[in-house]
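Only one structure is covered here, and it is reproduced in the block below.
Below, each value reflects all heavy atoms present in this structure, side chains not excepted, and no hydrogens, waters or symmetry copies. Every chain is numbered from 1 and lettered A, B, ... according to where its sequence line falls, protein lines coming before strand lines. As the structure is a prediction and not an experimental result, all values here were calculated from the model.
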Amino acid sequence: MPLRIYNTLTSTKEEFKPGEPGKVSMYVCGVTVYDNCHIGHARANVAFDVVYRYLQHAGYEVTYVRNYTDIDDKIINRANKEGVEFSVISERYIKSFDEDMARLNLALPTHQPKATEYVGEIIALVQKLIAKGAAYPVDGDVYFSVEKYEPYLKLSGRNLDDMQAGARVDVDERKQNPMDFALWKGAKPGEPFWESPWGKGRPGWHIECSAMSMKLLGETFDIHGGGKDLVFPHHENEIAQSEAASGKPFVRYWMHNGFVNINAEKMSKSLGNFFTIREILERYDSEVLRFFLLSAHYRSPIDFSDHNLADAEAGLERIYSSLAAARELMASGNAVPAGGHDADARAELQEKTEALQGHFCAAMDDDFNTALAIAHVFDLVRAINRVVAAKNVDAQVVSLLEKAGEEIAVIAKVLGVLDSVPAEFLSRMKARKSSDLAIDAAEIDRLVAERTAARKARDFKKSDEIRDQLHAMGIELLDSAAGTEWRVK
RNA sequence: GGCGACGUCGCCAAGUGGUAAGGCAAAGCUCUGCAAAAGCUUUAUUCAUCGGUUCAAAUCCGAUCGUCGCCUCCA
């Protein structure tokens, strides 16, 4: 089955055909580095990380470019507020972004260009647009003339007249059309600047992406991604600039991820209802966050809440518990003779294992349906659990469980979750949960030992009292043949 | 006002013409001194509402209600 991608340009799912067979060129709008990233940034970057990984998994040679916008009004404002150079701000938050992305297990893109490193290309592009009559300089600024690019607004499906009728922006009299946008901004006193044919200034917001993508990927490339909120004006303007300059189609497939919501409302800096990635990672494991983000389709809105994160955590634990139990059973050796009464479970496990990659690829081929892909993993988990529950170890069971584990590992590599050692993930969760307890581990161990002694003496009244006491503090006791373990509820 | 998206079990969430995936929660069972944990099993004749098209619709069309997004910086 061929890969199909939802293309914002046509509002339909289309079969994916790269410009050059076997190769994919892809550009994703990164962040403006003026503050720590929030969960919305995490979602966008995780979504396209999975696109990147899956394309590679599907056999493509992928060139993936993700930029840093490191010069911008917000960066300058913050620098002024702190009384430092703008580069101090941009470098600080580039580092912060890189750390966050690493914690979320993102693969490194092929190129991570910075706008400030492409000022030469940007100036050349602006000159080309002026030469073609698509742009005009005014008082040290340069504007793109939207009327000179006839298909303007083809991505967002609007028309210029309606836009202007509802425009909430102040009209700048120097613009030929109120919708014209800045390619180059003249520097005000005290602002950082680069020399240009129009005087001292800096790039406008949109032009950098055109300059960097065309330099690194060519004038036409395969995939351009970003959040839904970038459709207008950012991507619309990128198309206008790029196509007016090159005379060629800019991008084949436009992909846009949905928002992260808080109580059904968009999470954003301007609304102030956002959580940074760092804040969330203090409370949840990074793998849990990533798993949560992949549990919905990338174009759907996803509601961020403690409840939903806890659900995701429980789901991930279910998978890892199953994997850990399977490993434990395999490690226990072939001590238990085959009974044969679990033949159905074995057959099911074999069937699900063999079907997994096919199901996974079908889900991912359908516009990267990670939610469905994960559901298939859960299907296999149930089959594993059935076999493990039979506790009937022989060579066939070991081989089946090994194979199932290998198949999950292949998927884990694409999704960037489930690639921890099961026992390590589980103990990570335990450590995280026990870190904010009112009682320390040694004290718990002492009480557990006391209870074990009481149980041995068949003093169940006392042993139950200890259990209730620990329970009241949020500690759960797990009795088994091997002894008593505890964990945090 | 213009453009667009969405409304599927208590919660999360796939499914976009062929008769409702998966997870969480819940219930029953196994296990247990009893529990807990874990595992297994079960859980939507129905997809916001009302009409229409079709042999067949959650899926297509129309209307209504509700929620949200873009139109200003935003992933």
In this structure, SG of A:Cys29 is separated from NE2 of A:His234 (nearest 0.5 Å) by 3.5 Å

Using the C1' atom as the reference point in each nucleotide, state the distance between B:A14 and B:C24 in Å, no decimals. 15 Å

Sorted by chain and residue number, the ring pair (Phe, Tyr, Trp, His ring centres under 6.0 Å) partners of A:Phe259 (sequence neighbours excluded) come out as none

**Item:** B:A75 pyrimidine/purine six-ring stacking with A:Phe259, under 5.5 Å and 30°
**Value:** no

Practice item. Spell out yes or no: do the side chain of A:Asp311 and the base of B:G23 have one donor N/O and one acceptor N/O closer than 3.5 Å? Key: yes

**Request:** State whether the distance check finds a donor on one side and an acceptor on the other, under 3.5 Å, for side chain A:Arg318 versus base B:G23.
**Result:** no

Nearest-angstrom distance, C1' atom, B:G1 to B:C55 = 45 Å

Could a donor-acceptor pair under 3.5 angstrom be found where the side chain of A:Asn308 meets the base of B:G23? no

Counting only distance, no hydrogens or angles, is the base of B:A35 paired donor-acceptor with the side chain of A:Arg467 under 3.5 Å? yes

**Message:** Below the 4.0 Å mark, does B:C40 have OP1 or OP2 next to a side-chain nitrogen or oxygen of A:Asn385?
**Reply:** yes

Between OH of A:Tyr298 and P of B:C6 the distance, given in whole Å, is 13 Å

### Query
Crowded around A:Lys95 NZ? As in, over 12 foreign heavy atoms under 6.0 Å?
no

- Query: Does the distance from a Lys or Arg side-chain N to an Asp or Glu carboxylate O, for A:Arg202 and A:Asp72, drop under 4.0 Å?
  - Reply: no

Tell me if the side-chain of A:Asp479 makes a donor-acceptor pair with the base of B:A37, cut-off 3.5 Å, by modelled atom types. no

